[in-house]
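Contents: one structure, followed by commentary.
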Number of protein chains: 2
Amino acid sequence: MKLTTKGRFAVTAMLDLALHEAKGAADARPVTLAGISERQSISLSYLEQLFSRLRRQGLVNSVRGPGGGYKLAKPQAEISVSQIISAVDELIDATQCGGQENCRDEGRCMTHDLWATLNNKILDYLAGVSLADMVAAQNSGQKISMQPRVCHSDKAKLEAVSA
Amino acid sequence: MKLTTKGRFAVTAMLDLALHEAKGAADARPVTLAGISERQSISLSYLEQLFSRLRRQGLVNSVRGPGGGYKLAKPQAEISVSQIISAVDELIDATQCGGQENCRDEGRCMTHDLWATLNNKILDYLAGVSLADMVAAQNSGQKISMQPRVCHSDKAKLEAVSA
DNA sequence: TAATAGTTGACTAAAGTTATCAAGTATTAT
DNA sequence: ATAATACTTGATAACTTTAGTCAACTATTA
């Protein structure tokens with residue numbers, strides 16, 4: 001899971017799409033990239049690239065011609081943030097050694113387990129947040145803090161770090 | 001929190017440093033970057049750049065001249081992975097809008113809360129893993145899976161995503 | 001029916017930023 | 001002095017983002 005601005009742009013765009021699709025009831029008309037570009041201040045060219053991938057990954061459908069645009073290919077509840085990011089930001093292999101072959105001598109690149117575990121945590125969280133969740137949060141003005149899976153957050157350590 | 005290969009290199013190098021410092025008992029002699037470079041296959045030039053930042057952040061001390069090198073500036077238990085990453089990979093502001101000013105119209109860039117929450121989760125995990133933890137895991141041959149804070153991991157969703 | 005315009009789809013390339021590496025300079029133990 | 005080593009600066013490569021071109025498709029309308 002690679003976390004870059006690219007993935008964030010994609011999520012933002014998809015959320016914009018979801019919001020404007022929801023607005024027009026059930027079978028709304030497609031949303032144009034030009035509209036998303038304007039509303040979210042993302043360059044049209046970049047959006048075209050991103051949606052090209054989102055389409056190939058089956059997350060959106062396209063409609064050509066006037067009145068055309070993009071529509072979500074699945075119900076909002078079935079599209080997770082992790083899917084969106086994975087679609088545009090081909091997942092980086094967190095272990096830098098592919099499988100486990102070309103690792104260093106002393107026990108397979110050492111940090112391997114750290115990144116693998118972290119990767120799972122990130123995926124776990126992002127897979128649990130769907131477009132529907134974000135739309136709901138957006139409409140109700142609430143913050144998104146899905147499934148509080150974390151048992152205790154250990155504020156002390158966090159503050160020591162961010163200082 | 002930005003997660004790139006840069007941060008991973010830094011953690012790997014710091015772990016190497018910790019391992020070789022621990023080996024030579026209490027007040028061991030400094031570890032040279034040339035040694036880390038050879039053992040971990042990281043270019044010397046790159047290591048120099050990384051340690052320059054680690055030094056400025058107070059995570060390591062340097063000793064110049066022959067027999068010189070770097071030493072940890074604090075006990076291994078007090079150096080967390082998140083500190084290392086933050087030192088070299090100046091934390092990206094996950095919200096793309098700095099504070100909350102130049103966000104889009106319709107309620108401050110929408111994805112704001114998502115990234116903020118994710119950021120905390122990542123920080124929470126990485127702040128809980130110290131060099132001492134990793135050294136211990138390395139010596140005992142165990143995997144690192146610190147503080148099992150996650151209550152349930154929801155395998156089904158994860159598999160659906162990675163597929 | 002045909003022309004027009006709005007829109008995606010597939011490229012190429014250029015500008016800007018970041019990551020990585022290489023070479024030279026300063027410092028100090030011997 | 002000399003050599004080992006940290007430090008500093010500059011150059012190269014890779015990635016991200018924006019820009020531009022042209023083709024294909026389709027709703028609208030004259």
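In what follows, every chain begins at residue 1, and chains take the letters A, B, ... in the order their sequences are listed. Basis for what follows: all heavy atoms, side chains included, without hydrogens, waters or symmetry-related copies.
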Margin query: Short of 4.0 Å, heavy atom to strand atom, which residues of residues 53-65 of chain A count as contacting DNA chain D?
Written below: Arg64(A), Gly65(A)
Margin query: What is the distance, to the nearest angstrom, from the CG atom on Leu17(B) to the C1' atom on dA6(D)?
Written below: 14 Å
Check: In Å and rounded to the nearest 0.5 Å, what is the OG to CG distance from Ser86(B) to Leu126(B)?
Finding: 8.5 Å
Next item on the list: Compare side-chain N and O positions of Ser45(A) against OP1 and OP2 of dT18(D) and report whether any pair is under 4.0 Å apart.
Entry: no
Notebook entry, point to check: Nearest to the side chain of Ser52(A) - dT20(C), dA6(D), dA10(C)?
Noted result: dA10(C)
Checklist line | Option passing side chain to side chain donor-acceptor pair (under 3.5 Å) with Ser52(B) (candidates Gln49(B), Glu48(B), Arg56(B)) | finding: Arg56(B)
Next item on the list: Check the distance between dT16(D)'s P and Arg8(A)'s CZ and give it to me in whole angstrom.
Entry: 12 Å
Checklist line | Audit row: Lys6(A), Tyr46(A), side chain to side chain contact (heavy atoms under 4.5 Å, CB included) steps and yes/no | finding: CA-CA 9 Å; Lys6(A) 197 173 191 176; Tyr46(A) 204 27; 3.1 Å; yes
Item checked: Side-chain-base donor-acceptor pair under 3.5 Å for Gln49(A) and dT18(D) -> yes
Next item on the list: Would you please say whether a donor-acceptor pair under 3.5 Å links the side chains of Ser80(B) and Ser82(B)?
Entry: yes
Margin query: What's Leu44(B) touching, base or sugar-phosphate or nothing? Going by heavy atoms closer than 4.0 Å.
Written below: nothing
Notebook entry, point to check: Going by the ring-ring contact (aromatic ring centres under 6.0 Å, His included) test, which pairs reach into residues 59-82 of chain A, not counting sequence neighbours?
Noted result: Phe51(A)-Tyr70(A)
Note to self: In this structure, how many angstroms lie between the C1' atom of dA6(D) and the OH atom of Tyr46(B), rounded?
What the structure shows: 19 Å
Check: In whole angstrom, what separates Glu48(A)'s CD from dT12(C)'s P?
Finding: 16 Å
Item checked: Between Ser130(A) and Asp133(A): side-chain donor-acceptor atoms closer than 3.5 Å -> yes
Notebook entry, point to check: Atom CZ of Arg29(A) to atom P of dT26(D): distance rounded to whole Å?
Noted result: 17 Å
Next item on the list: May I ask you to decide if Ala18(B)'s main-chain N or O and Gln76(B)'s side chain share a donor-acceptor pair within less than 3.5 Å?
Entry: yes
Next item on the list: Round to the nearest Å and state the distance from Ile36(B) atom CD1 to dA6(D) atom P.
Entry: 9 Å
Notebook entry, point to check: To the nearest 10 degrees, what angle separates the axes at the start and end of the helix from dT1(C)-dA30(D) to dT30(C)-dA1(D), five pairs each?
Noted result: 10°
Next item on the list: Find out if a path of hydrophobic residues (ILVMFWY) with successive side-chain heavy-atom gaps under 4.5 Å connects Leu44(A) to Val63(A).
Entry: no
Next item on the list: Let me know, please, whether Gly67(A) or Phe51(B) comes out on the 5' side of the other along DNA chain D by nearest nucleotide.
Entry: Phe51(B)
Checklist line | Spacing of Leu33(B) atom CG relative to dT8(D) atom C1', expressed in whole Å | finding: 14 Å
Item checked: Exercise: identify the closest heavy-atom pair between Arg53(A) and Asp89(A) -> NH1-N, 4.5 Å
Margin query: Taking the nucleotide of DNA chain C with the nearest heavy atom to each, does Tyr70(A) or Pro66(A) sit closer to the 5' end?
Written below: Pro66(A)
Item checked: Lys71(A) NZ - dT7(C) P separation (whole Å) -> 15 Å
